[in-house]
Amino acid sequence: MVSKEVEKILPLVQKPGRYIGGELNSVIKDKEKVALRYAFCFPDSYEIGMSHLGMKILYSIANEREDVWCERVFAPWHDMEAQMRKHGIPLYALESGDAIKDFDLIAFTLMYELSYSNVLNMLDLAGLPVRAADRYSLTPIVIGGGPCACNPEPMAEFFDIFSLGEGEEVYDELFDLLEECKKNGSSKEEFLRRAAKIDGMYVPSLYDVEYNEDKTIKAVVPKNGAPEKIRKRIVSELDSVKYPDKFVVPYIEVVHDRVVHEILRGCIRGCRFCQAGFLYRPIREKSPDTINNQCRGLCDVTGYDEISLSSLSTSDYTQLEPLLDKLLEWTIPEKINIALPSLRVDNFSDELMEKLNKVRRSGLTFAPEAGTQRLRDAINKNVTEDEVLRTSRKAFEGGWTAVKLYFMLGLPTETFDDVAGIAELAQKVVDEFYKNPNKPKGKGVQVSISVASFVPKPFTPFQWEPQDTREMLLEKQAHLLSCVKTRKVNVSYHKVDISFLEGVFARGDRRLSKVIYYAWQHGCKFDGWDDSFLFDTWLEAFEQCGVDPLFYTSRKREFEEILPWDHLDYGIRKEFLISENKKAHESETTPHCRIKCAGCGANRLNGGKCDAMRKNLV
């Protein structure tokens with residue numbers, strides 16, 4: 001419910017549907033009958049945030065509690081922000097229209113490093129001090145979660161708490177504690193000391209960081225009874241965890257306007273560049289019956305005509321074909337499409353293709369990641385060129401005419417021959433189409449290659465590696481374009497300046513907080529959007545704050561160095577990551593988890609259990 005003040009400015013903005021609330025399945029409660037008001041903030045536009053599955057899950061779980069009202073908040077676009085500041089309208093929640101500065105808990109999901117400036121902007125727009133030390137009262141408590149919480153140090157100055165890992169269960173404990181502290185009139189300091197004793201809760205103000213003369217970290221020292229290591233929280237069994245029985249249905253088109261259903265957490269593959277593949281271990285699968293029932297229920301209450309089966313590697317779900325059989329029984333007659341993102345070229349079977357042919361066909365997407373076998377082995381992709389070509393051939397024979405291939409530039413040990421190999425592999429995929437005697441008449445093939453710039457991330461075997469400089473990445477992009485000889489291949493790539501800044505924050509420490517603050521004060525926000533990115537302002541921020549960004553990007557770390565996230569435990573043993581790093585430099589592969597357990601250590605978070613090695617799944 002928007003206020004009259006907001007109603008007056010809505011005609012002045014481009015997409016008023018972003019700011020009005022009232023969507024189908026949004027949750028409305030009597031604020032006088034709840035103990036906690038909870039603002040769930042996504043530091044990007046409505047269209048991006050409303051596509052995020054994690055937000056849907058936690059929104060639903062929180063609102064199942066009668067004593068908690070969780071409401072959604074998104075970053076207003078430039079035009080709306082300008083009107084809000086002009087008319088003195090503070091940042092508000094969509095469900096009630098109330099200003100979030102009066103809420104008890106303000107949570108941000110940190111999906112991407114380039115959203116950091118938006119967090120500061122949203123806190124300021126709410127009328128709150130952006131620095132945690134300047135917020136004195138017990139509430140609101142500002143908490144961060146999501147994948148970027150695995151190294152929250154660049155944002156440590158602005159948050160009271162970070163939630164490590166999966167929030168489905170830990171938030172109940174946090175809600176109970178906050179309710180108790182509110183009732184007892186406890187101070188913020190007392191609440192934070194007690195919150196730090198909840199598994200998975202990291203309170204940065206309870207840790208002092210000491211530095212060596214060479215600017216590396218000397219020690220991270222806990223105080224006031226805080227634990228030395230903070231272990232991430234996980235959900236043990238996906239079948240038993242709460243899952244939304246309804247999604248909020250937006251009035252306007254969003255990025256992923258469909259039912260999204262998570263079928264698998266974690267990944268068996270162990271690609272050495274992939275942070276998500278390690279962060280979400282151990283591997284846990286949801287049963288076909290549970291997925292089928294939940295998907296049908298969600299389609300019924302939302303009216304969506306597409307289901308996306310979500311995971312890091314959907315075709316690695318061991319019961320994919322039985323699941324598709326169950327889904328197709330009712331999706332075909334009801335004309336509901338099934339999307340399978342994250343397919344692997346090495347297990348794209350005839351049976352899977354046959355089932356995909358029963359639903360509306362879209363382009364197929366695969367991720368070879370590197371152009372040569374040597375480099376694919378170095379990153380442990382465990383995919384061969386023959387498998388890429390065989391899968392492409394199978395898809396073309398099945399009637400597909402468009403294939404999208406994902407690659408990366410700047411991977412450790414990469415050479416210019418590896419870069420040229422991307423264009424060569426794309427050309428071979430094109431050639432496979434024209435070898436097909438049954439190719440559709442009058443139709444050509446389109447092979448799209450999307451090339452991201454590699455960014456080393458925490459909790460991966462490449463966390464010690466230097467990142468390619470901006471100049472080197474631009475040179476490699478130009479070389480790739482020069483190697484493409486046909487119009488049948490389209491090339492798109494990421495902006496290297498954005499990847500550079502992502503690299504700084506991904507492995508940064510607390511000294512970057514002042515850089516983020518300076519950049520935000522001088523107009524930086526929506527940094528992940530090309531047309532909003534102010535790279536020169538960021539360079540000015542580094543210079544003015546006396547921080548060298550190349551210290552965080554271009555410097556190779558020694559294995560003995562204390563890393564900014566070493567006091568956080570995501571289950572992956574450091575010895576395992578070191579071993580994988582050494583194997584990468586020898587282009588030596590590690591078999592995936594269902595062939596042989598590599599001993600990453602993540603199963604200790606789940607009582608020794610990992611679905612990759614369950615006998616009925618091997």
Checklist entry - Passes salt bridge (Lys or Arg N to Asp or Glu O under 4.0 Å), Glu179 versus Lys183? Steps please. => result CA-CA 6 Å; Glu179 280 190 33; Lys183 184 178 179 180; over 6 Å; no

Checklist entry - Could you go step by step and tell me if Trp565 and Gln463 meet the side chain to side chain donor-acceptor pair (under 3.5 Å) rule? => result CA-CA 11 Å; Trp565 52 91; Gln463 65 180 4; 3.0 Å; yes

Next on the checklist: Can you tell me if Glu543 has over 12 outside heavy atoms packed within less than 6.0 Å of its CD?
Outcome noted: no

Checklist entry - For Glu95 and Tyr59, what are the C-alpha separation, side-chain angles and deciding distance, and is it a side chain to side chain donor-acceptor pair (under 3.5 Å)? => result CA-CA 12 Å; Glu95 278 72 9; Tyr59 176 84; 2.8 Å; yes

Item to check | Residue among Phe500, Tyr116, Phe505 satisfying ring pair (Phe, Tyr, Trp, His ring centres under 6.0 Å) with Trp538 | outcome: Phe505

Next on the checklist: Under a 3.5 Å cutoff, is there a donor and acceptor pairing between the side chains of Asp214 and Thr216?
Outcome noted: yes

Item to check | Within-4.5 Å side-chain heavy-atom neighbours: Ile9 and Ile89 | outcome: yes

Item to check | Matching residue for Tyr570 among Tyr280, Tyr202, Phe459 - test: ring pair (Phe, Tyr, Trp, His ring centres under 6.0 Å) | outcome: Phe459

Checklist entry - How close do Pro412 and Glu465 get, heavy atom to heavy atom, and via which atoms? => result CG-CG, 3.9 Å

Item to check | Face-on cation placement of Arg194 at Phe191 ring, 6.0 Å and 45° thresholds | outcome: no

Checklist entry - Going by atom types only, do Glu71 and Ser96 share a side-chain donor-acceptor pair under 3.5 Å? => result yes

Checklist entry - Is there a side-chain contact between Thr553 and Pro466, using heavy atoms and a 4.5 Å cut-off? => result no

Checklist entry - About how many Å separate OH of Tyr493 and OG of Ser450, when rounded to the nearest 0.5 Å? => result 11.5 Å

Next on the checklist: Other residues, nucleotides and ligands only: do more than 12 of their heavy atoms fall within 6.0 Å of NZ on Lys229?
Outcome noted: yes

Next on the checklist: My understanding is that only residues two or more places apart in sequence, or in another chain, count here; which of them pass side chain to side chain donor-acceptor pair (under 3.5 Å) with Glu190?
Outcome noted: none

Item to check | Beyond-backbone contact of Val451 with Ser492, side-chain heavy atoms, under 4.5 angstrom | outcome: no

Checklist entry - Does Glu189 have any salt bridge (charged side-chain N to carboxylate O under 4.0 Å, His left out) partners at least two apart in sequence or in another chain, and if so, which? => result none

Checklist entry - If every non-hydrogen atom of Asp67 is compared with every non-hydrogen atom of Arg65, which pair is closest and at what distance? => result OD2-NH2, 2.9 Å

Next on the checklist: Less than 4.0 angstrom from a charged side-chain N to a carboxylate O is my criterion; do Asp44 and Lys525 meet it?
Outcome noted: no

Checklist entry - Can we say Lys232 and Asp199 salt-bridge, meaning some charged N sits less than 4.0 Å from an Asp/Glu carboxylate O? => result no

Checklist entry - Should Arg265 and Glu166 count as an ion pair when the cut-off is N to O under 4.0 Å? => result yes

Next on the checklist: Any carboxylate oxygen within less than 4.0 angstrom of a Lys/Arg side-chain nitrogen, looking at Glu23 and Arg72?
Outcome noted: yes

Checklist entry - Is the shortest heavy-atom distance from the side chain of Tyr552 to the side chain of Leu512 under 4.5 Å? => result yes

Next on the checklist: Within a 6.0 Å radius of atom NZ on Lys101, are there more than 12 heavy atoms belonging to other residues, nucleotides or ligands?
Outcome noted: no

Checklist entry - Atom NZ of Lys556 and atom CD of Glu558: how far apart are they, to the nearest 0.5 Å? => result 7.0 Å

Checklist entry - Salt bridge or not for Lys31 and Asp102, using N-O below 4.0 Å? => result no

Item to check | Distance-minimising heavy-atom pair for Glu228 and Pro222 | outcome: CG-CG, 3.9 Å

Checklist outcome for this item: Heavy-atom closest pair (Ile234 atom, Glu169 atom, distance to 0.1 Å) is O-OE1, 4.0 Å

Checklist outcome for this item: Between the OH atom in Tyr38 and the CZ atom in Phe175, the distance rounded to the nearest 0.5 Å is 5.0 Å

Checklist entry - Is there a side-chain contact between Phe103 and Trp69 (heavy atoms, below 4.5 Å)? => result no

Checklist entry - Should Val13 and Gln83 count as side-chain neighbours, where that means a heavy-atom distance under 4.5 Å? => result yes

Next on the checklist: Tell me the closest heavy-atom pair linking Ser532 and Phe526, and the distance in Å.
Outcome noted: CB-O, 3.3 Å

Next on the checklist: What verdict does the side-chain contact (heavy atoms from CB on, under 4.5 Å) test give for Met122 and Phe108, after you've listed the backbone C-alpha separation in whole Å, the side-chain angles of each residue and the deciding distance to 0.1 Å?
Outcome noted: CA-CA 10 Å; Met122 292 173 74; Phe108 287 89; 3.8 Å; yes

Next on the checklist: Pair Asn118, Trp520 - check side chain to side chain donor-acceptor pair (under 3.5 Å), show working.
Outcome noted: CA-CA 8 Å; Asn118 271 9; Trp520 163 70; over 6 Å; no

Item to check | Test log, rule side-chain contact (heavy atoms from CB on, under 4.5 Å), inputs Lys242 and Ile57 | outcome: CA-CA 8 Å; Lys242 297 173 184 176; Ile57 292 173; over 6 Å; no

Next on the checklist: Which label fits His567 and Tyr207: parallel for a plane angle under 30°, tilted from 30 to 60°, or perpendicular past 60°?
Outcome noted: tilted

Checklist outcome for this item: Value for CE (Met408) from OG (Ser453), rounded to nearest 0.5 Å, stands at 10.0 Å

Checklist entry - Got a donor-acceptor contact below 3.5 angstrom from the Lys188 side chain to the Arg135 backbone? => result yes

Checklist entry - Do the charged groups of Lys197 and Glu173 touch, with an N to O distance under 4.0 Å? => result no

Item to check | Plane angle bin for His52 and Phe42 - parallel if under 30°, tilted between 30 and 60°, otherwise perpendicular | outcome: tilted

Item to check | Test salt bridge (charged side-chain N to carboxylate O under 4.0 Å, His left out) applied to Lys215 - qualifying residues, sequence neighbours left out | outcome: none

Checklist entry - Counting only heavy atoms not in Lys223, do more than 12 sit closer than 6.0 Å to its NZ atom? => result yes

Item to check | By salt bridge (charged side-chain N to carboxylate O under 4.0 Å, His left out) - contacts of Arg557 (at least two apart) | outcome: none

Checklist outcome for this item: Between the SG atom in Cys150 and the CZ atom in Phe278, the distance rounded to the nearest 0.5 Å is 12.5 Å

Next on the checklist: I need the full list of salt bridge (Lys or Arg N to Asp or Glu O under 4.0 Å) pairs touching residues 496-519, with sequence neighbours left out, sorted by first then second residue.
Outcome noted: Glu153-Arg510, Lys457-Glu502, Arg470-Asp497, Asp509-Arg511

Checklist entry - Would Glu180 and Asp176 count as a side-chain contact (heavy atoms from CB on, under 4.5 Å) if you check the C-alpha gap in whole Å, the side-chain angles of each, and the deciding distance to 0.1 Å? => result CA-CA 6 Å; Glu180 179 188 336; Asp176 291 343; over 6 Å; no

Checklist entry - side-chain contact (heavy atoms from CB on, under 4.5 Å) with Ile498: which residues, sequence neighbours excluded? => result Tyr112, Leu114, Lys495, Asp530, Phe533

Checklist outcome for this item: One should read off an interatomic distance between Phe162 CZ and Leu568 CG, to the nearest 0.5 angstrom, of 10.0 Å

Checklist entry - Has Lys218 got its NZ or CZ under 6.0 Å from the middle of the six-membered ring of Tyr211, at an angle within 45 degrees of the ring axis? => result no

Item to check | Met155 and Ile516: CA distance, side-chain angles, deciding distance, side-chain contact (heavy atoms from CB on, under 4.5 Å) verdict | outcome: CA-CA 8 Å; Met155 293 291 282; Ile516 296 169; 3.8 Å; yes

Checklist outcome for this item: Heavy-atom nearest pair, Val203 first then Asp160, reads CG1-O, 3.5 Å

